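Below: the structure, in structure tokens.
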Amino acid sequence: MLLDNIKGVNDIKNINQSDYPVLAQEIRDFLIEKISRTGGHLGSNLGAVELTMALHLSLNLPEDKLIWDVGHQSYTHKLLTGRRDGFENLRKFGGMSGFPKRKESDCDCFDTGHSSTSISAGLGLVKARDIQGETNTVVSVIGDGSLTGGMAYEALNNAAKLETNFIIVLNDNNMSISENVGGMSKYLNSIRTANAYLDIKEGVYNTLKEIPRGERVVESIRKAKSSFKQLVVPGMMFEDMGITYLGPVDGHNIPAMLKVFQDAKRTRNTVMVHVITQKGKGYAPAERHPARFHGAEPFDIDTGLPAKARNVANYTDIFSTVMTKLGARDEKVVAITAAMPDGTGLKRFRNIYPERFFDVGIAEEHAVTFAAGLAAGGLKPVVAVYSSFLQRAYDQILHDVCIQNLPVVFAIDRAGLVGSDGETHQGIFDLSYLSSIPNMHIMAPKNKWELSDMMKFAVAFDGPVAIRYPRGEAYAGLKEYRAAIELGKAELLSAEGEICLMAVGSMVKTAEEVKALLNESGHKCSIINARFVKPVDREAAEWAAKNHKLVVSMEENVASGGYGEKLREIMAPYYRTVKFIQIAIPDEYVEHGNVEQLKKEIGIDAVTIAEKIKKEMETER
């Protein structure tokens with residue numbers, strides 16, 4: 001196999017050009033086989049195989065710098081930089097990350113995980129290069145979906161002023177996670193399909209080459225290509241900004257890309273190379289269902305179907321059902337997503353109520369302020385978003401929603417530990433940053449029925465509400481406990497013994513497990529389902545302090561600024577008679593791995609919590 005000859009960085013340059021298609025196929029076969037077992041981002045990586053090969057052939061890594069926007073499409077890059085063995089433990093605890101990591105390789109020059117960041121980072125590396133008198137090439141690869149993010153345009157505006165080389169590769173596959181939407185998508189479509197321009201260019205160049213001194217004329221035309229494109233392709237936005245535009249070029253044609261990259265390296269300003277690729281290329285199920293294979297669980301290669309059938313509803317499914325029902329009951333209910341109708345569970349709502357569904361692209365900041373405008377106009381907007389991505393819109397939540405006390409509902413999926421995607425995707429900060437904002441109200445359900453009840457409460461509430469729920473199977477226990485939701489009121493699940501567990505959302509299930517373990521050791525426990533993180537139920541906290549020797553807060557959020565800190569303040573006057581333990585995620589970034597393993601590693605699993613409580617009770621005696 002040709003792939004056996006790729007043992008380290010730049011080894012691809014020893015491969016014969018005639019063998020590039022064979023190597024590309026071997027890479028695709030390798031990725032499909034490995035990801036079918038580990039899970040991971042398949043579609044984006046299959047689409048970027050030839051593009052990555054062309055970049056590695058054109059650059060001299062690690063001296064040259066290659067920044068991947070989002071970074072989930074960097075698997076081929078990892079293969080070509082000597083990390084083949086790492087795919088055995090891809091995205092597993094202690095194994096290779098599914099995203100670029102500086103600590104993993106010198107060829108990963110910038111850590112990424114969120115979209116629309118690569119141009120800003122690349123511009124910084126360009127300036128650092130020039131200030132230090134270096135001459136290396138800097139390339140930022142950004143997908144067309146990431147161009148829906150406002151940060152990309154802020155960076156483009158800045159980059160347009162450069163008088164030094166900076167290459168931006170636009171990897172255009174007409175997809176972000178779900179199908180692209182909006183004006184930029186339409187604009188790029190017009191460039192892709194500008195056959196008049198492409199036909200004229202090829203026809204003129206080929207004809208002129210046949211006449212005497214025709215090559216010189218062709219070169220003159222190439223130097224004037226900006227003006228030529230302006231005549232034929234309307235609204236060349238990038239050229240109008242002052243950025244040289246090259247393309248579009250076939251992103252699966254390596255020789256064509258090598259030529260355009262060489263041209264790009266000769267410019268003395270910012271140049272955008274527009275490369276057209278197919279997401280999921282080379283694997284029929286991924287080509288047919290690119291959204292499904294964006295982030296795939298382990299699957300059967302022959303069918304493309306998940307290796308393990310999912311028979312139990314997850315929290316996203318519950319949210320999807322509730323939203324559909326809320327939409328039927330109230331015509332003012334509208335839904336907003338940032339390029340993730342499938343991932344957030346809004347696909348059904350979109351299909352039934354298309355006029356009340358809004359996909360704004362990868363633009364969380366805009367999504368939140370847009371929702372604020374909808375609320376100010378008399379509607380009831382629900383913003384469905386992953387926890388890790390909502391933090392990008394902190395200012396908009398504070399400035400545009402909460403200052404005006406507008407009734408916007410934030411349905412925060414993937415809250416807490418999410419597992420294999422790692423530190424850039426863990427949703428472990430939302431309780432902290434949302435709690436700091438006046439007028440915000442924060443809830444977390446203990447099970448699937450409570451999520452439904454909280455959504456109904458939130459839509460009817462006159463003010464900002466955030467409901468955070470975890471990734472994965474929706475807990476079906478404690479069905480018998482379904483008291484009506486009251487603002488700022490916790491729920492008492494059991495009252496017995498000297499220990500009181502006060503748990504938030506997903507940690508209520510863990511509290512049940514802790515209680516069972518403590519009961520085996522002769523310790524009795526009360527359990528309080530917090531329900532509200534803001535406002536905290538002060539009466540419930542004081543009851544716990546007055547009637548127990550030990551109060552334990554439990555949350556799947558970092559300790560700083562979380563639920564436990566709020567309880568600690570309430571407990572302070574009672575410290576002569578009660579002890580307090582805060583169970584939370586340490587104030588640090590959590591790497592990738594299986595969620596249950598991560599919980600054990602950071603000490604928020606039931607066994608570790610129970611042991612910590614028993615030790616505290618023994619020292620008390």
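From a predicted model like this one, the values you see are computed outputs, not experimental measurements. Atoms considered below: every heavy atom in the structure, side chains included; atoms not considered: hydrogens, waters and symmetry mates.
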Donor-acceptor pairs under 3.5 Å, side chain of residues 535-542 to any protein atom, not counting sequence neighbours: which ones?
{"unit_1": "Asp537", "atom_1": "OD1", "unit_2": "Glu539", "atom_2": "N", "d": "3.2"}
{"unit_1": "Asp537", "atom_1": "OD1", "unit_2": "Ala540", "atom_2": "N", "d": "3.0"}
{"unit_1": "Asp537", "atom_1": "OD2", "unit_2": "Ala490", "atom_2": "N", "d": "2.8"}

(Q) Under a 3.5 Å distance rule, please check whether Ser320 uses its side chain to pair with a backbone N or O of Gly345 as donor and acceptor. (A) yes
**Q.** Qualifying salt bridge (charged side-chain N to carboxylate O under 4.0 Å, His left out) pairs with a residue from residues 514-535, counting only residues at least two apart or across chains
**A.** Glu450-Arg531, Glu491-Arg531, Glu496-Lys515
(Q) Working note: His592 + Lys92, criterion side-chain contact (heavy atoms from CB on, under 4.5 Å); need CA distance, chi angles, decisive distance, verdict. (A) CA-CA 6 Å; His592 52 279; Lys92 295 180 181 178; 5.7 Å; no
Q | Sequence-distant partners of Arg568, salt bridge (charged side-chain N to carboxylate O under 4.0 Å, His left out), two or more places apart | A | none
Q) For Glu473, what residues pass the salt bridge (charged side-chain N to carboxylate O under 4.0 Å, His left out) criterion, not counting sequence neighbours? A) none
Q: Identify which one of Leu42, Asn45, Ile35 satisfies the side-chain contact (heavy atoms from CB on, under 4.5 Å) criterion when paired with Phe293.
A: Leu42
Solution key, residues 504-511 side-chain donor-acceptor pairs under 3.5 Å, sequence neighbours excluded:
{"unit_1": "Ser506", "atom_1": "OG", "unit_2": "Glu556", "atom_2": "OE1", "d": "2.7"}
{"unit_1": "Lys509", "atom_1": "NZ", "unit_2": "Glu513", "atom_2": "OE2", "d": "3.0"}

Q: Kindly say whether the aromatic ring centers of Phe349 and Tyr353 come within a distance under 6.0 Å.
A: yes
Q.
Determine whether Thr112 and His72 satisfy the following criterion, side chain to side chain donor-acceptor pair (under 3.5 Å), listing intermediate values before the conclusion.
A. CA-CA 9 Å; Thr112 50; His72 58 232; over 6 Å; no
Q.
I need the full list of salt bridge (charged side-chain N to carboxylate O under 4.0 Å, His left out) pairs touching residues 374-403, with sequence neighbours left out, sorted by first then second residue.
A. Asp330-Lys380, Glu364-Arg392
Q.
So does Arg102 get a backbone contact from the side chain of Asp108, meaning a donor-acceptor N/O pair under 3.5 Å?
A. no
Q | Ring centroid separation His425 to Phe389 under 6.0 Å | A | yes
